[in-house]
Amino acid sequence: MAKFIVSPKLLRLKPRLTPIVSLPSSHFLHYHFPKPTSSSSTASFPQTLPTSYSLPPKPVSPLNTAATFNNVILDPRHLSCCMPDKRLKVAVLLSGGVDSSVALRLLHAAGHSCTAFYLKIWFQEDFENYWTECPWEEDLKYARAVCDQVDVPLQVVHLTDEYWNNVVSYIIEEYRCGRTPNPDVLCNTRIKFGAFMDAIYNMDYDYIASGHYANVVHPSADQSNKASILELSQDMVKDQTYFLSHLSQFQLKQLIFPLGCLSKDEVRQLAAKFDLPNKGRKDSQGICFLGKIRFSDFVARHIGEMEGIILEAETGDFLGKHRGFWFYTIGQRQGLRLPGGPWYAI
């Protein structure tokens with residue numbers, strides 16, 4: 001990895017005349033993660049959580065003809081990432097947003113027996129964490145309304161402690177050391193498809209699904225020893241495979257991403273066709289536990305600031321000052337506030 005800091009107070013930059021290329025996630029993440037300590041025993045499920053459901057399967061037309069579900073005409077391609085030729089029990093992660101809601105409805109239309117799960121992952125009130133800024137009550141209201149449309153059961157799973165221990169506190173300590181792990185990568189690996197997957201491990205689901213823009217190609221039944229492959233989604237602008245790049249084979253083999261064959265525009269159109277209660281909701285931005293607080297402000301509150309100087313890499317010329325090296329990451333362009341750029345942190 002290229003050096004970013006040569007002393008605790010020195011930040012080096014260089015101009016880039018050609019576009020930055022996409023690098024493997026290991027270039028941007030500190031990959032020596034401590035083993036997560038998540039356990040199914042710490043997930044606070046409702047005591048009445050059922051272990052099985054039996055929704056009647058729905059007929060699915062051949063993939064070369066259009067199909068109608070609940071008076072909604074679907075192009076067969078809409079279901080092509082939903083394994084429509086099978087009848088499965090699927091645990092669907094539902095956030096209350098449009099993407100995961102459309103994913104649920106597509107899986108339901110494909111004839112699968114679905115159960116929705118809403119994850120509460122903001123932390124306890126005694127932490128300084130701005131959790132009241134995150135509108136989880138509104139999210140949960142929309143998630144319930146989406147499920148009620150097609151009589152899909154919804155369960156709320158509390159993974160507060162797991163999120164704090166395996167994501168937030170880890171990020172704080174890594175930033176303090178000058179490393180900059182991506183919160184979304186950690187959340188997917190350790191919470192959504194980590195602690196949650198552990199929690200429902202004994203509940204006999206065939207797959208877990210979410211509204212990520214990605215695709216997983218699974219081997220055929222007679223080649224189950226081969227790897228499942230994470231592939232780019234149809235929408236290269238919304239593609240989220242980077243944020244799923246640290247999932248293991250054990251995790252990938254249990255996943256379905258119904259939106260991997262669709263564009264964002266098509267998902268919005270389907271939300272309108274399904275007349276989803278949240279069809280007009282805007283896409284969420286940023287990290288949920290921060291709400292409207294900027295990530296840099298969150299880092300400053302937990303780590304503080306330490307002024308240092310910025311140098312041009314090739315010449316060593318003085319360019320300006322910075323607030324602390326933990327506010328920057330290799331390849332960063334935004335937030336440098338320097339003339340004569342663009343400049344990139346190296």
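The chain is numbered in sequence order, starting from 1. These values consider heavy atoms only, across backbone and side chains, with no hydrogens, waters or symmetry-generated copies.
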Taking atom types as modelled and ignoring hydrogens, do the side chains of [X] and [Y] form a donor-acceptor contact shorter than 3.5 angstrom?
{"X": "Y213", "Y": "D99", "answer": "yes"}
{"X": "S263", "Y": "D265", "answer": "no"}
{"X": "E312", "Y": "T315", "answer": "yes"}
{"X": "S228", "Y": "H218", "answer": "yes"}
{"X": "H212", "Y": "S210", "answer": "yes"}
{"X": "S233", "Y": "D235", "answer": "no"}
{"X": "S95", "Y": "Y142", "answer": "no"}

Self-check item: Six-ring centre of Y163, R190 cation under 6.0 angstrom, axis tolerance 45°
Solution: no

Quiz item: Side-chain heavy atoms under 4.5 angstrom apart, residues restricted to Ile, Leu, Val, Met, Phe, Trp, Tyr: same cluster for V98 and V237?
Solution: no

Quiz item: Has Q223 got more than 12 heavy atoms of other residues, nucleotides or ligands less than 6.0 Å from its CD?
Solution: yes

Exercise. Could you tell me whether R323 atom CZ has more than 12 heavy atoms of other residues or ligands within 6.0 Å of it?
Key: yes

Self-check item: Partner of L107 under side-chain contact (heavy atoms from CB on, under 4.5 Å), chosen from C81, P84, C82
Solution: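 It is C82; the other options fail the test.
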
Quiz item: Checking side chain to side chain contact (heavy atoms under 4.5 Å, CB included) for the pair K264/D283: CA distance, chi angles, key distance, verdict?
Solution: CA-CA 11 Å; K264 180 67 180 185; D283 293 341; 2.9 Å; yes

